[in-house]
Undergrad: 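Supplied in structure tokens, the structure appears directly below.
The first residue in the sequence is number 1, and the count goes up from there.
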Amino acid sequence: MTSWTEELTRARLHVVSGKGGTGKTTVSAALALALATGGRRVLLIEVEGRQGIAQLFDRAPLPYSEERIASAPGGGEVHALAIDAEAALLEYLAMFYNLGFAGRTLRKMGAIEFATTLAPGLRDVLLTGKVKECVNRTGPDGRHLYDAVVLDAPPTGRVVKFLDVTKAMADLAKVGPIKGQSEGVVRLLHSGDTAVHLVALLEEMPVRETLDAVAELDGADLRPGAVLVNRVQPVRLPARSLPVAAEGRLDESRVRAGLKAAGLDLDEFTLEGLVDETVEHAIRVQSQQEANELLSEADLPTLELPDLTDGVDVAALYELAEALVAAGVR
């Protein structure tokens, strides 16, 4: 496992993506808590309309407003925002065209859905535009309101299109506020202020999709950040015993003798079950090691998060955040 880098520490927008089922939203929440540790103020954003953040923190569905949802060690705070494309468009119309009332009328007419259907990229521009506004927002003292923003982004199969659609929109809109808005988003997402982290499992398919995503990000001039390997299981066998166990060549008599020496006298049925579990564990560990070796081709900082056998609740999020802090996240 490698550590968080100084370059990643300087990033202000942390985009988190990953293959479906890897625990992307859980890792996003843990990363927000880790970044808030030590007294910082962090905003956690979701854009897929699933209310995953509210579920993780055991709260009612989030409104379209920034809500404080957690405290972090050292006096930090995590706020959350669930961005809705329709609400973002109404806000956009009110901000740039002074069309607050007209925007509400458009919503009743279904014009917003029509507009985003006519120009599919517009939805993503609205979502990323709101993210940019949150990243750049300053308080009365001129300092950024949030020390960092964590974006729970779409999965790896769609994340580059989601982040890079602003270029197409900037070309489409030649003048006016939407052009300036799009160009501002492009500058942020393609700058050193943004890092795109990828959540992976130590399994062949998630690892290969992670490597494909790294190549796609590089091709789009978007900066890959760290690989956050989720649900890593501990190795409970000595390295020299792994190949023997994985091949099913355990000597049951030696296992029994070792257990007796430790004061455990197991019946034959229990001993056989233990040996079978040992073989399964060794096969799983070897598979993880092979996946880890393949993942090293990404040549990115790689941080490991433990497998939480009791499931994920708020306490588990803090446990994962501690692991990230221990790996240097700050």
Side-chain angles (χ1 to χ4, degrees), residues 11-18 23-95 100 103-104 107 112 123-141 143-154 162 185 188 193-194 197 199 311-322 324-325 329-330:
R12 300 198 58 255
L13 173 58
H14 298 267
V15 180
V16 181
S17 183
K24 171 175 66 71
T25 299
T26 298
V27 174
S28 298
L31 178 60
L33 283 168
L35 290 168
T37 298
R40 289 179 289 275
R41 182 183 175 100
V42 174
L43 179 64
L44 174 61
I45 298 177
E46 67 176 3
V47 293
E48 295 182 276
R50 295 184 294 106
Q51 288 290 339
I53 295 172
Q55 294 173 34
L56 272 177
F57 286 93
D58 195 24
R59 294 175 59 96
L62 295 169
Y64 183 58
S65 61
E66 291 150 41
E67 305 277 325
R68 185 177 181 276
I69 58 166
S71 299
E77 293 182 352
V78 176
H79 295 244
L81 171 64
I83 302 179
D84 173 76
E86 183 177 89
L89 179 55
L90 292 176
E91 183 179 61
Y92 178 84
L93 291 173
M95 184 181 302
R104 289 189 290 274
R107 178 172 57 183
I112 291 173
R123 180 178 295 272
D124 290 346
V125 169
L126 293 168
L127 297 174
T128 53
K130 180 61 178 177
V131 172
K132 182 208 74 167
E133 187 273 323
C134 293
V135 171
N136 292 340
R137 193 187 311 155
T138 57
D141 59 358
R143 298 180 59 184
H144 285 113
L145 189 63
Y146 295 107
D147 297 294
V149 173
V150 177
L151 171 60
D152 180 15
F162 172 76
V185 174
L188 171 64
D193 285 336
T194 299
H197 309 298
V199 181
V312 177
D313 55 14
V314 176
L317 292 176
Y318 281 91
E319 184 179 339
L320 295 174
E322 285 181 14
L324 291 172
V325 171
V329 173
R330 60 194 185 282

Undergrad: Using modelled atom types only, decide if a donor and an acceptor are shared between the side chain of Thr37 and the backbone of Ala72 within a distance under 3.5 Å.
TA: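 Not a single qualifying donor-acceptor pair exists.
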Undergrad: Ignoring hydrogens, what is the shortest heavy-atom contact between Leu44 and Ser28? Give both atom names and the distance.
TA: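 Heavy-atom minimum between the residues: CD1-O, 3.8 Å.
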Undergrad: Search all heavy atoms of Leu31 against all heavy atoms of His197 and return the closest pair with its distance.
TA: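 Looking at all heavy atoms of both residues, the shortest contact is CD2-CD2, 3.9 Å.
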Undergrad: Among Val131, Val150, Asp193, exactly one meets side chain to side chain contact (heavy atoms under 4.5 Å, CB included) together with Leu13. Which residue is that?
TA: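 The passing option is Val131.
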Undergrad: Is there a donor-acceptor contact under 3.5 Å from the side chain of Glu46 to the main chain of Gly52?
TA: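 Checking the backbone N and O of Gly52 against the side chain of Glu46, a donor-acceptor pair under 3.5 Å is found.
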Undergrad: Taking the side chain as every heavy atom from C-beta outward, state whether Leu188 and Thr194 have any pair of such atoms under 4.5 Å apart.
TA: yes
Undergrad: Ala70: which residues meet the side-chain contact (heavy atoms from CB on, under 4.5 Å) condition with it, sequence neighbours left out?
TA: Leu33, Phe57, Val78, Tyr318
Undergrad: Would you compute the distance between atom CD of Glu66 and atom CD1 of Ile83 and round it to the nearest 0.5 angstrom?
TA: 8.5 Å
Undergrad: List the residues meeting side-chain contact (heavy atoms from CB on, under 4.5 Å) with Ala34, not counting sequence neighbours, and say none if there are none.
TA: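 side-chain contact (heavy atoms from CB on, under 4.5 Å) list for Ala34, sorted by chain: Ala321, Leu324, Val325, Val329.
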Undergrad: Just say parallel, tilted or perpendicular for the rings of Tyr146 and His79, cut-offs at 30° and 60°.
TA: perpendicular
Undergrad: Distance from His14 atom NE2 to Leu35 atom CG, nearest 0.5 Å?
TA: 4.5 Å
Undergrad: The criterion is side-chain contact (heavy atoms from CB on, under 4.5 Å); which residues satisfy it with Asn136, sequence neighbours excluded?
TA: Lys132
Undergrad: With sequence neighbours left out, write down each residue that passes side-chain contact (heavy atoms from CB on, under 4.5 Å) with Leu145, or none if nothing qualifies.
TA: Arg41, Arg137
Undergrad: Measuring from Leu81:CG to Leu151:CG, what's the distance to the nearest 0.5 Å?
TA: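 If we round to the nearest 0.5 Å, Leu81:CG and Leu151:CG are 10.0 Å apart.
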Undergrad: Got a second to check how far Ile53's CD1 is from Thr26's OG1, nearest 0.5 Å?
TA: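 Those atoms lie 11.0 Å apart.
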Undergrad: Apply salt bridge (Lys or Arg N to Asp or Glu O under 4.0 Å) to Arg143 and list each qualifying residue two or more places apart in sequence or on a separate chain.
TA: none
Undergrad: Among all residues two or more places apart in sequence or in another chain, which pass the side-chain hydrogen bond (donor to acceptor under 3.5 Å, both in side chains) test with Thr25?
TA: Arg50, Asp152
Undergrad: Where is the tightest heavy-atom contact between Gly18 and Lys24, given as atom of each residue plus distance?
TA: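 Taking every non-hydrogen atom into account, N-CD, 3.6 Å.
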Undergrad: So which heavy atom on Ala80 is nearest to which on Leu62, and how close?
TA: CB-CD1, 3.8 Å
Undergrad: At what distance, to the nearest 0.5 angstrom, does CD of Glu319 lie from CG of Leu317?
TA: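 With rounding to 0.5 Å, CD (Glu319) is 10.0 Å from CG (Leu317).
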Undergrad: Report yes or no: does Arg12 contribute a side-chain atom to a donor-acceptor pair with the main-chain N or O of Val135 at less than 3.5 Å?
TA: yes
Undergrad: Under the salt bridge (charged side-chain N to carboxylate O under 4.0 Å, His left out) rule, what pairs show up with a residue in residues 51-61, not counting sequence neighbours?
TA: none
Undergrad: The criterion is side-chain hydrogen bond (donor to acceptor under 3.5 Å, both in side chains); which residues satisfy it with Ser65, sequence neighbours excluded?
TA: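 If we apply the side-chain hydrogen bond (donor to acceptor under 3.5 Å, both in side chains) test to Ser65, skipping adjacent residues, the hits are Glu67.
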Undergrad: Please confirm whether the backbone N or O of Ala153 pairs with a side-chain atom of Ser17, one donor and one acceptor, at under 3.5 Å?
TA: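 Not confirmed, Ser17 side chain does not pair with Ala153 backbone.
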Undergrad: With no hydrogens and no angle check, is any side-chain donor or acceptor of Glu77 less than 3.5 Å from a backbone partner on Ala36?
TA: no
